[in-house]
Protein chains: 2
Amino acid sequence: MIQRLTEHDRENLQESLATSGQKVTAQREIVFAVLLAKRDHPTVEDVFQRARESMPGLSLATVYNCLETFVGCGLVRQVNHERESTRYCPNLAPHAHFRDEATGHVHDIELPPEIIQSLRSILPAGFNSETIEISFRGRSQETPPRSTSN
Amino acid sequence: MIQRLTEHDRENLQESLATSGQKVTAQREIVFAVLLAKRDHPTVEDVFQRARESMPGLSLATVYNCLETFVGCGLVRQVNHERESTRYCPNLAPHAHFRDEATGHVHDIELPPEIIQSLRSILPAGFNSETIEISFRGRSQETPPRSTSN
DNA sequence: CTTGCAAATTGGAATCATTCCAACTCATTC
DNA sequence: GAATGAGTTGGAATGATTCCAATTTGCAAG
Ligand SMILES: [Mn+2]
Ligand SMILES: [Mn+2]
Ligand SMILES: [Zn+2]
Ligand SMILES: [Zn+2]
């Protein structure tokens, strides 16, 4: 259960933080590692629980801080469904989210560029959008959980 | 500023409520009228303020109740952006939302059926979605506010 | 008409995710 | 090894929403 980053992921973290003038800390490493280890769109509370296993003294406030920092430097995305707790996703590829109403699980849905393009094209003149968010809600026949280690 | 429903809208309200075994009340009429009068995706608080002008004794709890009832019988949609207060929209046609980051205004964006179709088609086998939500975020050159009376 | 009932409304308390804050810790620089 | 500034921490504050118990209302039955 101890969270460790690969060379590559650590560098990624280091550089992304550096870009916005911030540093790698033990807490940030662990929180980031937790996100990469299990890509199930955990809530802040989920991340907190998991990270605490490696760092018992970690505070909830710090988890909030780390996640906000990561969002700020583009390392992770926030995922909201209705009014539920915000979830966090380290998948940077363009994708939509599918929320299974039965299980509460959130799945990534790949977004082909042509769909994104056609969506942009429905915006009337004068509307400039930097972000498009797409979320599905329904039921799914739970995919056999393929390994999510990183 | 007094909120009144047209024959047609009142019938619509009456029938939608009846379908789920509920009745028209003075409070529900006014809340519904407020939604139709200004389709700017008001928050609960917005609706509360506006409705109070016609019915000073109306309570916030009742506004929450009415809106929940309307969502339940399909008369209005909830609109969420990030973690902001939920907004309400009486436009039942399939549409996406554009949130102007400068003004906070929310605009309806028409959704052509073929786009909806292509979105459904990106779902892997086993995923059945009843609802798709699409929201844009960005800036817009504010359209001259065309009349929104009903 | 009264009376009785179920649904709806109301004001205020409770919840709960998130934000705020002031004190404390740590790494780095002088 | 003192000063500095970013980062962390625990707890308080916030704010939208939900919950609840006490009325009120609209009808229906007697
Ligand atoms: Mn989503
Ligand atoms: Mn939306
Ligand atoms: Zn994702
Ligand atoms: Zn709308």
Side-chain angles (χ1 to χ4, degrees), chain A residues 13-14 16-34 41-49 51-52 54-73 75-88 99 104 106, chain B residues 3 10 13-14 16-34 41-49 51-52 54-73 75-88 99 104 106:
Chain A
L13 175 63
Q14 137 71 30
S16 295
L17 286 172
T19 305
S20 40
Q22 299 177 291
K23 310 183 203 146
V24 177
T25 65
Q27 288 86 344
R28 287 173 179 167
E29 274 196 41
I30 286 178
V31 169
F32 191 50
V34 163
H41 303 87
T43 62
V44 174
E45 200 60 42
D46 292 333
V47 174
F48 182 47
Q49 303 295 346
R52 245 173 196 279
S54 316
M55 187 184 269
L58 182 67
S59 80
L60 180 59
T62 297
V63 176
Y64 272 101
N65 290 339
C66 289
L67 291 171
E68 183 185 30
T69 298
F70 295 162
V71 170
C73 65
L75 275 171
V76 311
R77 279 173 53 180
Q78 287 187 322
V79 179
N80 291 295
H81 274 101
E82 320 268 286
R83 304 232 92 236
E84 293 176 8
S85 306
T86 298
R87 293 170 177 279
Y88 291 82
R99 161 79 198 291
V106 176
Chain B
Q3 308 296 347
R10 224 198 94 89
L13 176 63
Q14 138 70 29
S16 295
L17 286 171
T19 305
S20 42
Q22 299 177 292
K23 311 182 202 146
V24 177
T25 65
Q27 288 86 345
R28 285 174 179 167
E29 275 196 41
I30 286 178
V31 169
F32 191 49
V34 162
H41 303 88
T43 62
V44 175
E45 200 59 43
D46 291 334
V47 174
F48 182 47
Q49 304 294 347
R52 244 176 198 277
S54 316
M55 186 184 270
L58 182 68
S59 80
L60 180 59
T62 297
V63 176
Y64 271 100
N65 290 339
C66 290
L67 292 171
E68 182 184 30
T69 298
F70 295 162
V71 171
C73 63
L75 276 170
V76 312
R77 280 172 53 180
Q78 288 187 321
V79 179
N80 291 296
H81 274 99
E82 320 268 286
R83 302 234 93 233
E84 294 177 6
S85 307
T86 298
R87 294 170 177 280
Y88 291 83
R99 160 79 197 293
V106 176

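Values below: all heavy atoms of this structure, side chains included; hydrogens, waters and symmetry mates excluded. Being a predicted model, the structure only gives us computed values, none of them experimental. Quick note on labels: first sequence line is chain A, next is B, and so on, each numbered from 1.
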Between the protein and nucleotides 22-30 of chain C, list the N/O to N/O atom pairs that are separated by less than 3.5 angstrom.
none

To the nearest angstrom, the CD-P distance between B:E68 and C:dT10 comes to 15 Å
Here the distance between atom C1' of D:dG7 and atom CD1 of A:I30, to the nearest Å, is 15 Å
For A:F32, the ring pair (Phe, Tyr, Trp, His ring centres under 6.0 Å) test, sequence neighbours excluded, returns A:F70
Check whether more than 12 heavy atoms from other residues, nucleotides or ligands sit under 6.0 Å from atom CD of B:E68, and answer yes or no.
no
Is B:Q27 near enough to C:dT10 that one of its side-chain N or O atoms lies under 4.0 angstrom from OP1 or OP2? yes
Residue set satisfying side chain to side chain donor-acceptor pair (under 3.5 Å) with A:Q49, at least two apart, ordered chain then number -> A:E45
Checking C:dT9, D:dT9, D:dG7 against the side chain of A:Q22 (C-beta onward), the nearest is D:dG7
Can you tabulate the close N/O pairs, meaning under 3.5 Å, that link protein atoms to atoms of nucleotides 11-17 of chain D?
unit_1, atom_1, unit_2, atom_2, d
D:dT17, OP1, A:R83, NE, 3.3
D:dT17, OP1, B:T86, N, 2.9
D:dT17, OP1, B:T86, OG1, 3.0
D:dT17, OP2, B:Y64, OH, 2.9

Of A:S59 and A:G21, the one whose closest nucleotide on DNA chain D sits nearer the 5' end is A:G21
Checklist line | Step-by-step side chain to side chain contact (heavy atoms under 4.5 Å, CB included) determination, A:T86 to A:V44 | finding: CA-CA 7 Å; A:T86 298; A:V44 174; 5.6 Å; no
Rounded to whole Å, CG of B:L58 lies from P of C:dA8 at a distance of 15 Å
Side chain to side chain donor-acceptor pair (under 3.5 Å) filter on A:R52, not counting sequence neighbours, yields none
Note to self: Measuring to OP1 and OP2 of C:dT10, would you say a side-chain N or O of B:T62 lies under 4.0 angstrom away?
What the structure shows: yes
ask   = Do A:N65 and A:T62 get their side chains close enough for a donor-acceptor pair, meaning under 3.5 Å?
value = no
Solution key, residues 23-31 of chain B side-chain donor-acceptor pairs under 3.5 Å, sequence neighbours excluded:
unit_1, atom_1, unit_2, atom_2, d
B:T25, OG1, B:R28, N, 3.0
B:R28, NH1, B:K23, O, 2.6
B:E29, OE2, B:R10, NH1, 2.3

From CG of A:N65 across to P of C:dC21 the rounded distance in Å is 13 Å
Rounded to whole Å, CE of B:M55 lies from P of C:dA8 at a distance of 15 Å
- Just do the salt bridge (charged side-chain N to carboxylate O under 4.0 Å, His left out) check on B:E82 and B:R99 with the steps written out, would you? CA-CA 10 Å; B:E82 320 268 286; B:R99 160 79 197 293; over 6 Å; no
Here the distance between atom C1' of D:dG7 and atom CG of A:L17, to the nearest Å, is 12 Å
Could you tell me whether the phosphate oxygens of C:dT9, OP1 or OP2, come under 4.0 Å of any side-chain nitrogen or oxygen in B:T25?
yes
CG (A:L17) and SG (A:C66) are apart, to the nearest 0.5 Å, by 9.0 Å
Atom CD of A:E82 and atom C1' of D:dT18 are separated, to the nearest Å, by 16 Å
